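Below: one structure, written as structure tokens.
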Amino acid sequence: MLVPMRILLDHAAENGYGLAAFNVNNMEQIQAIMEAARETDSPVIIQASRGARKYTNDAFLRHLMLAAAELYPELPIAMHLDHGNSPETCLSAIKQGFTSVMMDGSLMEDGKTPSSYQYNVKVTRQVVKAAHRRGVTVEGEIGTLGGIEDGHGAGLSGEEARRHLTDPEQAQRFVADTGVDALAVAIGTSHGAYKFSRPPTGEVLVMSLIEEIHRRIPNTHLVMHGSSSVPQELLEIIRRYGGKMKETYGVPVEEIQRGIKHGVRKINVDTDNRLAMTGAIRRVFAETPEKFDPRDYLGEARAAMRRVCVERMVAFGQAGNAPRIKPVTCKQMVIFYKTGVRPG
Ligand code: G3H
Ligand code: 13P
Ligand code: ZN
């Protein structure tokens, strides 16, 4: 059943675990997540970026999600918009049936330029108002993502990125000013495969910031973006079968587990699944060059992604929790936002 993301985050907070939020762009990726969730009895967050919505066309995506809800009725599923760049994008996602949206007002509408605090509050507050009226969850972002190491993480230079780490005092003000359900924070992670040039220390992956932010806003669900672990064995498979991957390191699972102890409830993972699928496809092509049925390589890719999803679901602690969550609809959630009284 499709549920507002807020009820999954609340359950995770009450029971001290985290939820992986996996990005999707096609049927195989949705199937991989759902199979992993059934295998581990996990609640599910599936997220789609603006790029994913463009690639699939909203209608295909919506129907794939409805198929997931129909085929896995025992699992609560949140359908989340990743990095909405404007209130309009968020509203169009809500119209498509997304049960949760991210208004990323840390950047301007171009998705690149860091914005002002005032701009961020204005657009985020607008989305919170519209979304909560429909029982839909909202994630905001304060601080700007980007690797602190120069050359790692797209966009900002290392020095700029350090200046854009989340300021705990500002995070507290932002939550009070906007009423977001969840808050993405910048602690030195960045999107993509190239996060760190060596296994990260507390200098470049500033987990201590999470602890400070959580102390100030203990009731806000924290979100870690750019949280792929970039496993060396997945890089190796790609290299072995002709792919080019430079030396790189991701966010260690143990660091994420540390974050989960301090209020991190949603962990965004896309790159690890991309690596797993690409390695599997390369292997099929290299080992059995006579094959040309897409099911042969897409099936292997799906299986490889499923393995990553199972590992993360177990490591973050969401495994086993699906049957413990009482599903609630967005409609029922409207009452909660009006009165503060939890439905069900
Ligand atoms: O935000 C980053 C996610 O990995 C989605 O990436 O914008 O290429 O779909 P994308
Ligand atoms: P990764 O690139 O580390 O998988 O991060 C994905 C993400 O943050 C999506 O919003
Ligand atoms: Zn992100």
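Both ligands and their constituent atoms are indexed starting at 1 by order of listing. Small disclaimer: the values here were computed from a predicted structure and weren't measured.
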Under a 4.0 Å N-O cut-off, is there an ion pair linking [X] with [Y]?
| X | Y | value |
| --- | --- | --- |
| Asp110 | Lys112 | no |
| Arg258 | Glu255 | yes |
| Arg283 | Glu300 | no |
| Asp272 | Arg312 | yes |
| Arg215 | Glu211 | no |

Item to complete: Scan side-chain atoms only and decide if Asp82 and Asn23 contain a donor-acceptor pair under the 3.5 Å cut-off.
Response: yes
Worksheet item: Looking just at side-chain N and O atoms, do Thr89 and Ser92 make a donor-acceptor pair shorter than 3.5 Å?
Response: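 Short answer, no.
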Worksheet item: So which pairs with a foot in residues 97-133 pass ring-ring contact (aromatic ring centres under 6.0 Å, His included), sequence neighbours left out?
Response: His132-Tyr337
Discussion item. To the nearest 0.5 Å, what is the distance between CZ on Phe316 and NZ on Lys266?
Written reply: 12.0 Å
Worksheet item: Given His83, which of Met103, Glu139, His191 fulfils the side chain to side chain contact (heavy atoms under 4.5 Å, CB included) condition?
Response: His191
Item to complete: Among Thr137, Val127, Val128, find the residue that satisfies the side chain to side chain contact (heavy atoms under 4.5 Å, CB included) test when tested with Val101.
Response: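 Considering Thr137, Val127, Val128, a side chain to side chain contact (heavy atoms under 4.5 Å, CB included) with Val101 is found only for Val127.
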Kindly print each ligand 2 N/O atom paired with any protein N/O atom under 3.5 angstrom away, one pair per line, or none if nothing qualifies.
{"from": "ligand 2", "atom 1": "2 (O)", "to": "Gly192", "atom 2": "N", "distance (Å)": "2.8"}
{"from": "ligand 2", "atom 1": "2 (O)", "to": "Thr271", "atom 2": "OG1", "distance (Å)": "2.6"}
{"from": "ligand 2", "atom 1": "3 (O)", "to": "Lys195", "atom 2": "NZ", "distance (Å)": "2.5"}
{"from": "ligand 2", "atom 1": "3 (O)", "to": "Ser227", "atom 2": "N", "distance (Å)": "3.2"}
{"from": "ligand 2", "atom 1": "3 (O)", "to": "Ser228", "atom 2": "N", "distance (Å)": "3.0"}
{"from": "ligand 2", "atom 1": "4 (O)", "to": "Ser228", "atom 2": "OG", "distance (Å)": "2.6"}
{"from": "ligand 2", "atom 1": "4 (O)", "to": "Asp270", "atom 2": "N", "distance (Å)": "2.6"}
{"from": "ligand 2", "atom 1": "4 (O)", "to": "Thr271", "atom 2": "N", "distance (Å)": "2.7"}
{"from": "ligand 2", "atom 1": "4 (O)", "to": "Thr271", "atom 2": "OG1", "distance (Å)": "3.4"}
{"from": "ligand 2", "atom 1": "5 (O)", "to": "Gly226", "atom 2": "N", "distance (Å)": "3.3"}
{"from": "ligand 2", "atom 1": "8 (O)", "to": "His191", "atom 2": "NE2", "distance (Å)": "3.1"}
{"from": "ligand 2", "atom 1": "8 (O)", "to": "Gly226", "atom 2": "N", "distance (Å)": "2.8"}
{"from": "ligand 2", "atom 1": "10 (O)", "to": "Asp82", "atom 2": "OD1", "distance (Å)": "3.0"}
{"from": "ligand 2", "atom 1": "10 (O)", "to": "Asp82", "atom 2": "OD2", "distance (Å)": "2.7"}
{"from": "ligand 2", "atom 1": "10 (O)", "to": "His83", "atom 2": "NE2", "distance (Å)": "3.2"}
{"from": "ligand 2", "atom 1": "10 (O)", "to": "His225", "atom 2": "ND1", "distance (Å)": "3.2"}
{"from": "ligand 2", "atom 1": "10 (O)", "to": "Asn268", "atom 2": "ND2", "distance (Å)": "3.1"}

Item to complete: Show all protein N/O/S atoms under 2.8 Å from the Zn ion (ligand 3), or state that there are none.
Response: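 Near the Zn ion (ligand 3), below 2.8 Å, one finds His83 NE2, His191 NE2, His225 ND1.
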Worksheet entry | Lys/Arg cation over aromatic Tyr194: Lys246, 6.0 Å, 45° cone | yes
Contact table, ligand 1 N/O with protein N/O, distance under 3.5 Å:
{"from": "ligand 1", "atom 1": "4 (O)", "to": "Asp270", "atom 2": "OD2", "distance (Å)": "2.6"}
{"from": "ligand 1", "atom 1": "6 (O)", "to": "Arg274", "atom 2": "NH2", "distance (Å)": "3.2"}
{"from": "ligand 1", "atom 1": "8 (O)", "to": "Arg274", "atom 2": "NH2", "distance (Å)": "3.2"}
{"from": "ligand 1", "atom 1": "9 (O)", "to": "Ser49", "atom 2": "OG", "distance (Å)": "2.6"}

Worksheet, complete the sentence: Correct closest heavy-atom pair for Cys309 and Ala36 would be CB-CB, 3.5 Å
